[in-house]
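A short worksheet on the structure shown next.
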Amino acid sequence: MNLSELNPSQIAAVECCDAPSLVIAGAGSGKTRVLTYKIAYLLDKGMEPYHILALTFTNKAAREMKERIGRLVGEEKSRYLWMGTFHSIFSRVLRTEAEILGFSADFTIYDAADSKSLVKAIIKEMGLDDKKYKPSAVCSHISRAKNALVLPAAYASNSTFRRADDAARMPLIHEIYQRYSQRCRQANAMDFDDLLLYTWVLFENHPEVASKYQERFQFILVDEYQDTNYAQHRIVWQLSNVRQRVCVVGDDAQSIYSFRGADIDNILNFQSTYQGTRLFKLEQNYRSSQMIVGAANSLISHNSRQIHKDVFSKGEVGSPVEIFSSYSDVDEANIVLKKIQQLVRSNHLTYSQVAILYRTNAQSRSFEEVLRKSGLPYRIYGGLSFYQRKEIKDAVAYFRLAVNPNDEEALRRVVNYPARGIGDTTMKKVFEQVNLQHVSPWEVLSRPDTIGLNKGIQARIQDFVSLISDFHARCDTTDAFTLCLDIITASGLRADIFQGSEVEDKTRQENLQELMDGIASFVQENVEAGNDARLSHYLQEISLLSDLDEDKGENEDKVTLMTVHSAKGLEFDAVFVVGMEENLFPSQMAVDSPSQVEEERRLFYVAMTRAKSHLVITWAKSRFRYGQMEYSSQSRFLREIDGHYTGMATPKRESPSPVARTPLHPGTFQTQRTPAPTPAPPTSGGRFVRLRPASAVSDAPTQTMPQLTTGQRVSHERFGAGTVKAIEGTGMDAKAFVQFDNAGLKKLLLRFVKLKILS
């Protein structure tokens, strides 16, 4: 084996074959190369390929590693390696040993949809309310139990799980779990979690089987060990505890998946679990500039629970990390747009070499909109564009129906969502009448007595028609935000979306909240400009965005937008980390827990280390939250980056945010104000006043009109700083045309706008 391509630390990690080894691989340090060479080294030293077990977290990673090993030692040897994901490897083991566990070798593997369907059926059979016992939430509780290696019988007496079920108002999950497990056995089926659970049961309860596989797997390697859960950790121990010939590779500083069950203690405690462990640190970063590596190091040094390492780069020194504060989320999006254009123009980057990373999916909206309007191509990585997400399409369908009740596609989408007892059978009869009478479905629903339905269903249809008719009647007299807030509330859509507490529920809630904040911003901007702020105008503005959202041509040259979680393992020449504010990053749900703040810091570290040459970090002093303007303070993490790497002194600590954000629930789209001292707001006034309905907005100005002259520098709470280019009209009709530094030219009706004169 020629190891000359490796550095000394990598060579030492590869050559250690006689003791448990922990390889701590810093970001961009070549951990895949070490794993590849180590397996090739073992083969070169005479170990048979079928005695080597290599566990990864994705099939793609296993496939690529196997190909690289094949190039080093020949495909014949690499073909017989036991290499793959935990689930794929142990499903092979279980098919061989299935009869011992009471299954047959041809057992079915249920995917998430199959599991959810079976749980839903069990909930119905038990006569439980599926609004209270949501199948997806029940599946999550069962999954957590399985990953903790808690079987149905033990679950019923486990106080931790039972307390969590009681807190979620689902005290009978233990019985659902019992029935679900029985039904899977009857169907000769296992779900994904069972593939780990039953592997552990197999080795735990049948020592002779465990011994057979300990003999087969004489050397075990695990990639991304910081991402393992308790079940995976225990199975590795079951297989390796006799010989203790095990090598795990990972980076505790990149442990960011606790919400999926990953346990950072697995890697932090590895040296105490395996006596005589040899520790290897891969500290040379081959990806990023020295400035980026230094900035990331200074950040992560604030974590107390970590395996210390000194990551360094021998690459270019690079330019300092740039940190921009913006007046608002609108200003932030425009700053990012201008900076991307500058980098592409001045540094000859392609769009595909640029990424925008954010903490939550909902944050994509403002960046998508500014990129669309400017004509810059982009793609959403690992998810849907904002207006293609189900909860957004549902809400927008209600808005469309309010404006135009004859909109058939919108009606089909929401007539029975949330469920109101107008099912497929009823709608089939409705469309029979549509075809007979050659009228719209709305006209048929408006005369339910002509459809041939019983009185109960007729009453439900009448309630729905009355609901939509009331919204329709208000379209011309109510601003878009007020009307949309009433629509999502009265329709039951908001209550449905906000009733869950699982990770996917939180994402849907954040998306709906962002939609409403976008509508509030639309209303304020159009009122200030003297334009139409009604719902029909809003729908017209977003129609092109939603129509163009289908992303075709994945390989085209496009800016990438994604959450930080999705970015792990990727790299880009230029990275923008946006929304770096307290209660956003770190997340509001994490700020009261030291361990969760440390994970949020690791998440920011992952974001920073995706960048090769250019790292830009932005935060907004204000953004629409819960339908009104909130003032924010910069993230604590920005103060932790050594000023040497940002070209400035470490940012001065600001006073706390003047807004205490309360957890969202169906009854709130607003904030709770605290009496704490507030920092100076970015514009005069400092407080966003909720807009009145459009019919009342024109009656009087919201404040004394500013006295402006051409050439003055002014600032606006969302658009930032700009220069007055022209004044038109007098009195109540006076307008200012302002060329904002980042947001471009805006027309503003002075009786409604809030401008601060800068010079």
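Treat the numbers as computed from the prediction; the structure is a model and nothing was measured.
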task = State the OH-CZ distance between Y213 and F90, to the nearest 0.5 angstrom.
result =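 Answer rounded to 0.5 Å: 10.5 Å.
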task = Can you tell me which residue pairs pass the side-chain hydrogen bond (donor to acceptor under 3.5 Å, both in side chains) test with a partner in residues 299-308, sequence neighbours excluded?
result =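 As it turns out, the side-chain hydrogen bond (donor to acceptor under 3.5 Å, both in side chains) pairs with a partner in residues 299-308, which skip direct neighbours, are D265-R305, N303-R601, S304-E598, H308-D310.
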Can you list every salt bridge (Lys or Arg N to Asp or Glu O under 4.0 Å) pair that touches [range], not counting sequence neighbours?
| range | answer |
| --- | --- |
| residues 22-35 | K31-D223, K31-E224 |
| residues 103-113 | none |
| residues 279-299 | R287-E571 |
| residues 69-86 | E76-R79 |

Excluding sequence neighbours, so at least two apart, what forms side chain to side chain donor-acceptor pair (under 3.5 Å) with [X]?
| X | value |
| --- | --- |
| S78 | none |
| D252 | none |
| S501 | none |

message = E600: which residues meet the salt bridge (charged side-chain N to carboxylate O under 4.0 Å, His left out) condition with it, sequence neighbours left out?
response =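 Partners of E600 under the salt bridge (charged side-chain N to carboxylate O under 4.0 Å, His left out) test: R359.
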key: Residue pairs involving residues 167-191 (criterion ring-ring contact (aromatic ring centres under 6.0 Å, His included); sequence neighbours excluded)   =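 Every pair satisfying ring-ring contact (aromatic ring centres under 6.0 Å, His included) with a residue in residues 167-191: Y155-Y177.
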key: Residues which pass side-chain contact (heavy atoms from CB on, under 4.5 Å) with R243, listed by chain and number, not counting sequence neighbours   = E215, Q218, R245
note = Sorted by chain and residue number, the side-chain contact (heavy atoms from CB on, under 4.5 Å) partners of T563 (sequence neighbours excluded) come out as Y358, N361, H565, S566
